[in-house]
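Hydrogens, waters and symmetry mates are skipped; everything else that's a heavy atom, side chains included, is used.
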Amino acid sequence: MSQPLQGKVALVAGASRGAGRGIAVELGAAGATVYVTGRTTREKRSEYDRPETIEDTADLVTEVGGHGIAVPTDHLDPAQVRTLVDRIADEQGRLDILVNDIWGGEKLFAWDSPLWEHDLDNGLRLLRLAVETHAITSHHALPLLLRHPGGLVVEMTDGTAEYNRDNYRVSFFYDLAKSSVLRMAFALGHELGPRGATAVALTPGWLRSEMMLDNFEVREENWRDALEIVPHFAISETPRYVGRAVAALADDPDVARFNGESLSSGGLAQVYGFTDLDGSRPDAWRYLVEVQDAGKPADVTGYR
């Protein structure tokens with residue numbers, strides 16, 4: 001099996017589950033050494049109270065041919081992040097790929113709740129988890145990433161810049177958080193580009209994360225049963241799909257052409273030719289605009 005990222009070192013911040021886990025595993029499959037961080041370990045859960053752990057993710061990275069290293073880290077704590085980066089520097093001497101996938105806000109926002117009715121403490125906590133963590137992590141990790149030319153920073157968000165510009169996303173706090181991360185990638189592109197590195201924002205489509213599958217009371221094996229409840233879920237994708245997008249970016253010698261841009265898993269699949277685990281290429285954001293938001297019946301023909 002080809003391992004084009006062998007010798008590369010990645011930090012996937014926020015990799016307990018979901019997109020972060022999918023990204024870590026695909027970077028491992030490409031041969032990378034992957035530091036997997038988050039707050040949920042086999043000894044302690046975060047307030048999410050989910051069973052997935054960073055140790056489980058690290059084991060998956062190793063199983064597919066990479067080297068997974070789990071490091072419990074609260075990315076709101078600058079001292080913990082600094083210790084994490086110091087450890088990577090001591091053990092590897094380099095950092096080639098930084099993926100900021102820290103989120104933790106699923107239980108903190110209310111759908112279609114206006115700012116003045118939204119729980120303020122929850123909203124501010126969401127912003128800290130979704131925005132401040134990314135800034136703290138980049139602040140400490142980028143000097144190490146810049147030691148060698150060709151470094152890649154991936155800011156994970158929900159929605160493309162184009163889509164989020166034109167659409168209200170869920171609530172004031174959710175909208176602000178996801179748009180802020182898009183802007184982070186744009187700003188980092190200006191700061192990293194002249195120094196030999198690349199920053200992009202990346203969004204998956206409708207993600208079949210562990211939490212989403214639980215919400216629909218299905219498993220990956222029978223996920224299509226959820227279409228009886230939400231037919232447009234037919235466009236959904238596994239977390240490994242966006243993982244393959246990150247691996248493709250990391251292996252692209254011309255990745256700087258995307259510096260500062262907003263990208264999607266479906267869009268990059270058309271560029272690089274990778275597929276989801278079932279061999280399809282779901283293009284969720286195009287589908288969302290042209291089918292779901294347009295009020296048309298669910299039909300993924302031509303979209304996956």
Side-chain angles (χ1 to χ4, degrees), residues 1-38 53-71 73 84-101 137-138 140-156 192-193 195-200 202 204 238-259 263 265 268-269 271-277 279 281:
M1 184 176 179
S2 174
Q3 291 195 312
L5 299 183
Q6 193 163 24
K8 299 293 186 180
V9 179
L11 166 57
V12 183
S16 305
R17 61 188 67 83
R21 173 172 286 188
I23 292 166
V25 172
E26 287 297 333
L27 288 173
T33 294
V34 186
Y35 284 79
V36 175
T37 67
T53 71
I54 56 172
E55 292 93 342
D56 294 339
T57 301
D59 287 347
L60 290 170
V61 170
T62 301
E63 286 174 13
V64 296
H67 182 199
I69 303 171
V71 184
T73 307
L84 164 67
V85 174
D86 287 346
R87 174 176 171 176
I88 297 172
D90 290 342
E91 294 177 353
Q92 310 297 334
R94 63 187 301 137
L95 178 64
D96 302 287
I97 305 153
L98 169 62
V99 180
N100 272 323
D101 186 53
T137 304
S138 291
H140 289 291
L142 291 182
L144 178 58
L145 183 133
L146 287 170
R147 284 188 188 178
H148 298 86
L152 173 67
V153 178
V154 180
E155 287 287 344
M156 295 299 299
L192 294 177
R195 295 170 172 85
T198 298
V200 300
L202 178 61
T238 73
R240 297 282 291 274
Y241 191 50
V242 75
R244 291 176 175 181
V246 174
L249 287 168
D251 185 42
D252 184 354
D254 193 28
V255 69
R257 61 188 158 142
F258 295 123
N259 189 39
L263 308 170
S265 51
L268 287 176
V271 174
Y272 292 114
F274 61 84
T275 67
D276 205 347
L277 297 181
R281 291 193 180 98

Under the side chain to side chain donor-acceptor pair (under 3.5 Å) test, residues paired with [X] that sit two or more places apart:
{"X": "Asp101", "result": "none"}
{"X": "Ser16", "result": "none"}
{"X": "Arg195", "result": "none"}
{"X": "Gln6", "result": "none"}

For [Y], is there any backbone N or O sitting under 3.5 Å from a side-chain donor or acceptor partner on [X]?
{"X": "Arg244", "Y": "Thr275", "value": "yes"}
{"X": "Thr37", "Y": "Thr73", "value": "no"}
{"X": "Gln3", "Y": "Gly65", "value": "yes"}
{"X": "Thr62", "Y": "Gly68", "value": "yes"}

- side-chain contact (heavy atoms from CB on, under 4.5 Å) evaluation trace for Val61 with Val12: CA-CA 11 Å; Val61 170; Val12 183; over 6 Å; no

Side chain to side chain contact (heavy atoms under 4.5 Å, CB included) involving [X] - partner list, sequence neighbours excluded:
{"X": "Asp59", "value": "Arg42, Glu63"}
{"X": "His148", "value": "Arg94"}
{"X": "Pro4", "value": "Ser2, Ala30, Asp251"}
{"X": "Ala199", "value": "Val153, Leu188, Leu192, Asn259"}

Identify the two heavy atoms, one from [X] and one from [Y], that lie closest to each other, and give their separation to 0.1 Å.
{"X": "Ser265", "Y": "Pro204", "answer": "OG-CA, 3.6 Å"}
{"X": "Asp96", "Y": "Gly7", "answer": "OD2-O, 4.2 Å"}
{"X": "Leu145", "Y": "Ala197", "answer": "CD2-CB, 3.9 Å"}
{"X": "Leu152", "Y": "Val246", "answer": "CD2-O, 4.5 Å"}
{"X": "Val9", "Y": "Leu95", "answer": "O-CD1, 3.7 Å"}
{"X": "Ser138", "Y": "Pro143", "answer": "O-CD, 4.4 Å"}

- Leu249 vs Leu263 side-chain heavy atoms within contact, under 4.5 Å: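 A side-chain contact exists here, since the closest heavy-atom pair is under 4.5 Å.
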
- Evaluate the side-chain contact (heavy atoms from CB on, under 4.5 Å) criterion for residues Gln92 and Ile69: first the C-alpha distance (whole Å), next the side-chain angles of each, then the deciding distance (0.1 Å), finally the verdict. CA-CA 12 Å; Gln92 310 297 334; Ile69 303 171; 4.2 Å; yes

Taking only residues two or more places apart in sequence or in another chain, which ones pass salt bridge (charged side-chain N to carboxylate O under 4.0 Å, His left out) with [X]?
{"X": "Glu155", "value": "none"}
{"X": "Asp254", "value": "Arg257"}
{"X": "Arg147", "value": "none"}

- Task: Start with the C-alpha distance between Val25 and Arg240, add both sets of side-chain angles, then the distance that settles side-chain contact (heavy atoms from CB on, under 4.5 Å), and finish with yes or no.
- Result: CA-CA 7 Å; Val25 172; Arg240 297 282 291 274; 3.5 Å; yes

- Distance from Ile88 atom CD1 to Leu11 atom CG, nearest 0.5 Å? 4.5 Å

- Message: Could you go through Met156 and Val242, starting from their C-alpha distance and side-chain angles, then the distance that decides it, and tell me whether this counts as side-chain contact (heavy atoms from CB on, under 4.5 Å)?
- Response: CA-CA 10 Å; Met156 295 299 299; Val242 75; 3.9 Å; yes

- Message: Using the side-chain contact (heavy atoms from CB on, under 4.5 Å) definition, which of the options Thr57, Val36, Ile54 pairs with Arg21?
- Response: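 Of Thr57, Val36, Ile54, side-chain contact (heavy atoms from CB on, under 4.5 Å) with Arg21 is met by Thr57 alone.
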
- Got a sec, which residues hit ring-ring contact (aromatic ring centres under 6.0 Å, His included) with Tyr241, two or more places apart in sequence or on another chain?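 Testing Tyr241 for ring-ring contact (aromatic ring centres under 6.0 Å, His included), a comparison that skips the adjacent residues, returns Phe274.
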
